[in-house]
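Reviewing the structure listed below.
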Amino acid sequence: MLGVAAATPSATATPSPRRTPLRALPLIGATALLLTVAAAAPAQAAAVAAPDIPLANVKNHLSQLQSIATANGGNRAHGRPGFLASVTYVKGLLDAAGFQTQQQSFTYGGATGYNLIADWPGGDTSDTLMVGAHLDSVTAGPGINDNGSGSAANLEVALAVARSGFQPDRHLRFGWWGAEEQGLRGSTAYVNSLSAAQKAAITGYLNFDMVGSPNPGYFLYDGDNSDGTGSGPGPAGSAEIEDTLEAYFTSIGVPTRGTDFDGRSDYGPFIAAGIPAGGIFTGAEGRKTAAQVQLWGGTQAAFDACYHRACDTVTNIDDTALDRNSDAIAYAVWTLAAGTPDPGPSVYADDFETATGWTTDPAGTDTATAGAWERGDPAATSSGVATQLGSTVSGSNDLVTGAAAGASAGANDVDGGTTTVRSPAITLPSGGSSLSFSWYLAHLNNATSGDYFRVQVISGSTATTVFSQAGSAANRAAAWQKATVSLSAYAGQTIRLQVEAADTGTASLVEAAVDDVVITQS
């Protein structure tokens, strides 16, 4: 990771227009996701399930990089023989596995640097998913966590692609960058070498820099700016990448937090070119807070005390973090590259353009004094950040908490408690089915974790939460996201969907909306 001023992981991205958005995927889209029905099932069933990435294989690559550094003056830095030997090691394995590799050279600081590009044959080259990591170290040490860890994990995922014979709809490309530690020189040289058409063909970039820190956190680059800090959301499609990685960690019960696209790693040139990006980061020289210790364990110390030091060796790795993150990379590659499966027959659909029998406060127990759910044409509101969107996903209407703008951003938001809206009865088929919907929850930093948006399935007298997003004491801008959950547990039953939003704190500004609710037979 680039050695600039220390940055505490926060949660934003650099805005940039996108010419060709990442293809829409039916992904789980929540930072605090509950799938009590579907047991955190993958949001999209890939053609082939992602494999488990053997930790021993990843660690063997790290041992090889350590040996290369030891034999070449203790480092694998730009312009030093250890870096070129590292490129040769990775290239040899990829060539043998059937990748089409290219060793791209560039010059910086009077020395020749190298990028290694590896394409997996097949897939739509106009819709390329790229996976990258920097391979160089600083001159002070071998760079095993920074960034042997990301390089080795990506290498083993690429080899797993070859072993499994994975043939995704999208084209797959991997990159190992040189001279990242000198200011993202290799990745910048690569992006600058592409024509406008070649840049547009890269419809997603995944970056993995430091994924095995010895005192790890689990940070995901905040593609949708849901944490409301920093410089804003990433290029269109970045939120889907974040959601995909979030879905994996939810499935294994590991909480994550957002981190800003702060320009310290190789996603920088990609997002500057309008390419959607995302990735995982386990922390560098910043110190883990008491709250983060409670969340993830570890100590109130640096995430990586050997960051950019000679002690960044094979002993400077947390095996659990490296194992989890290697599997998360594979999950993201298999899920995002597989393409969008054809949906099954529609069981139920509502775009809220006409009234179809949804009922507000169906049990007569709502406590909200303002901002009740209604079907309407929403007016845009903002209080520094967008709290209600004036645009819907389709058509003119959606379900929204207080459609009118009012005199101020807080005039028609949810106040005083809970507001509920319930669908008409829906009879599900005897086989499997899935529910998808577009949604957002927005709030200012006066919100609390007691505020929420959630979706429940009501079967008989039992209401089960299948999706939940909690509020937090941070600005969360309104941004449409798509969520998908399995309804297979309700096969053959007649159900109702219930959507709730709540402002349970004092003086919170909370808004929510739903659009395009669809149930399809799987």
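For clarity, every value in this text was computed on a predicted model and none was experimentally measured.
Checked by atom type, the side-chain pair Glu246/Thr256 shows a donor-acceptor distance below 3.5 Å. Between the side chains of Thr203 and Asp127, at least one donor N or O sits under 3.5 Å from an acceptor N or O. No donor-acceptor contact under 3.5 angstrom links the side chains of Glu180 and His78, judged on distance only. Tyr190 and Asn192 share no side-chain donor-acceptor pair at under 3.5 Å. Counted by atom type alone, Gln66 and Thr70 present one or more donor-acceptor pairs between their side chains at under 3.5 Å. Side chains of Arg324 and Tyr248: a donor-acceptor N/O pair is absent below 3.5 angstrom, by distance only. In the model, Ser394 has a side-chain atom that pairs as donor or acceptor with a side-chain atom of Asp516 under 3.5 Å. Judged by distance alone, the side chains of Asp515 and Ser438 never bring a donor and an acceptor atom under 3.5 Å apart. Between the side chains of Thr101 and Asp95, a donor-acceptor pair is found at a separation under 3.5 Å.
Atoms OG1 and CG, from Thr259 and Leu220 in turn, are 9.0 Å apart once rounded to the nearest 0.5 Å. How far CG of Leu389 is from CD of Glu511: 10.0 Å, rounded to the nearest 0.5 Å. Atoms CG and CG, from Asp312 and Asn147 in turn, are 9.5 Å apart once rounded to the nearest 0.5 Å. Atom CD1 of Ile317 is separated from atom CG of Asn145 by 4.5 Å, given to the nearest 0.5 angstrom. The CZ atom of Arg257 sits 12.0 Å away from atom CG of Asp222, with the distance rounded to the nearest 0.5 Å.
Side-chain atoms of Asp451 never come within 3.5 Å of backbone atoms of Ala447 as a donor-acceptor pair (strictly under, hydrogens ignored). Counting only distance, with no hydrogens or angles, the side chain of Trp177 and the backbone of Thr188 share no donor-acceptor pair below 3.5 Å. Although no hydrogens or angles enter the test, the distance criterion places a donor-acceptor pair under 3.5 Å between the side chain of Tyr267 and the main chain of Gly263. Checked by atom type and distance alone, the side chain of Ser151 pairs as donor or acceptor with a backbone atom of His134 at under 3.5 Å. Checked by atom type and distance alone, the side chain of Asn60 never pairs as donor or acceptor with a backbone atom of Ala56 at under 3.5 Å. At distances below 3.5 Å, at least one donor-acceptor pair connects side-chain atoms of Thr381 with backbone N or O atoms of Gln388. Checking side-chain atoms of His171 against main-chain N and O of Ser126 turns up no donor-acceptor pair under 3.5 Å. Using modelled atom types, no side-chain atom of Lys482 and backbone atom of Ser436 make a donor-acceptor pair closer than 3.5 Å. Remark: the backbone N or O of Ala338 is not paired with any side-chain donor or acceptor of Arg170 at under 3.5 angstrom. At distances below 3.5 Å, not a single donor-acceptor pair connects side-chain atoms of Asp304 with backbone N or O atoms of Glu285.
Counting heavy atoms from C-beta on, the side chains of Leu322 and Ser149 come closer than 4.5 Å. At a threshold of 4.5 Å between non-hydrogen side-chain atoms, the residues Pro216 and Trp296 do not count as touching. Using a 4.5 Å cut-off on side-chain heavy atoms (C-beta onward), Glu156 and Val161 make no contact. With contacts defined as side-chain heavy-atom distances shorter than 4.5 Å, the pair Leu135/Leu116 does not qualify. By the 4.5 Å heavy-atom criterion applied to side chains, Leu206 and Leu336 are counted as neighbours. Ile53 is not listed as a side-chain neighbour of Ile329, based on a closest heavy-atom distance of 4.5 Å or more. Two residues are said to be in side-chain contact when any heavy atoms from C-beta on lie closer than 4.5 Å; Gln481 and Asp243 meet this criterion. Side chains of Thr128 and Leu172 form no contact here, defined as non-hydrogen atoms less than 4.5 Å apart.
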task = Show your reasoning for whether ring-ring contact (aromatic ring centres under 6.0 Å, His included) applies to Phe303 and Phe219.
result = CA-CA 12 Å; Phe303 293 99; Phe219 298 103; 5.6 Å; yes
Review point. Taking it one step at a time, do Tyr440 and Gln469 satisfy side-chain contact (heavy atoms from CB on, under 4.5 Å)?
Key: CA-CA 9 Å; Tyr440 67 77; Gln469 171 68 61; over 6 Å; no
Legend entry - From CA spacing to verdict: side-chain contact (heavy atoms from CB on, under 4.5 Å), Trp334, Val157: CA-CA 10 Å; Trp334 259 256; Val157 169; 4.2 Å; yes
Q: Begin with the C-alpha distance, continue with both residues' side-chain angles, and end with the deciding distance and a verdict on side-chain hydrogen bond (donor to acceptor under 3.5 Å, both in side chains) for Gln300 and Thr289.
A: CA-CA 6 Å; Gln300 286 184 251; Thr289 66; over 6 Å; no
* Going through the checks in order, is the side-chain contact (heavy atoms from CB on, under 4.5 Å) test met by Ser193 and Gln104? -> CA-CA 10 Å; Ser193 74; Gln104 179 189 54; 3.2 Å; yes
Item to complete: Output, in order, the C-alpha distance, side-chain angles, deciding distance and verdict of side-chain contact (heavy atoms from CB on, under 4.5 Å) for His61 and Leu93.
Response: CA-CA 10 Å; His61 300 314; Leu93 292 175; 3.8 Å; yes
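Listed here is the closest heavy atom pair of Gly212 and Ala321: CA-CB, 4.5 Å. Looking at every heavy atom in both residues, Gly223 comes nearest to Ser238 through CA-CB, 3.7 Å. Contact record, Ser86 with Arg76: OG-CD, 3.1 Å, taken as the closest heavy-atom pair. The two residues Ala478 and Ala442 come nearest to each other via the heavy atoms N-CB, 3.6 Å. For Asn115 against Ser187, the heavy-atom pair with the smallest separation is OD1-N, 4.2 Å. Summarising the geometry of Gly283 relative to Ser213, their closest heavy-atom pair is O-OG, 2.6 Å, with the distance given to 0.1 Å.
A parallel orientation is assigned to the rings of Phe83 and Tyr114, their planes being inclined by less than 30° (bins at 30° and 60°). Using a 30° and 60° split on the angle between ring planes, Trp439 and Phe467 fall in the perpendicular class, above 60°.
Of the candidates Phe281, Tyr221, Phe270, Tyr221 is the only one forming a ring-ring contact (aromatic ring centres under 6.0 Å, His included) with Phe261.
A salt bridge links Asp319 and Lys59; the closest N-O separation between the charged side-chain nitrogens and carboxylate oxygens is under 4.0 Å.
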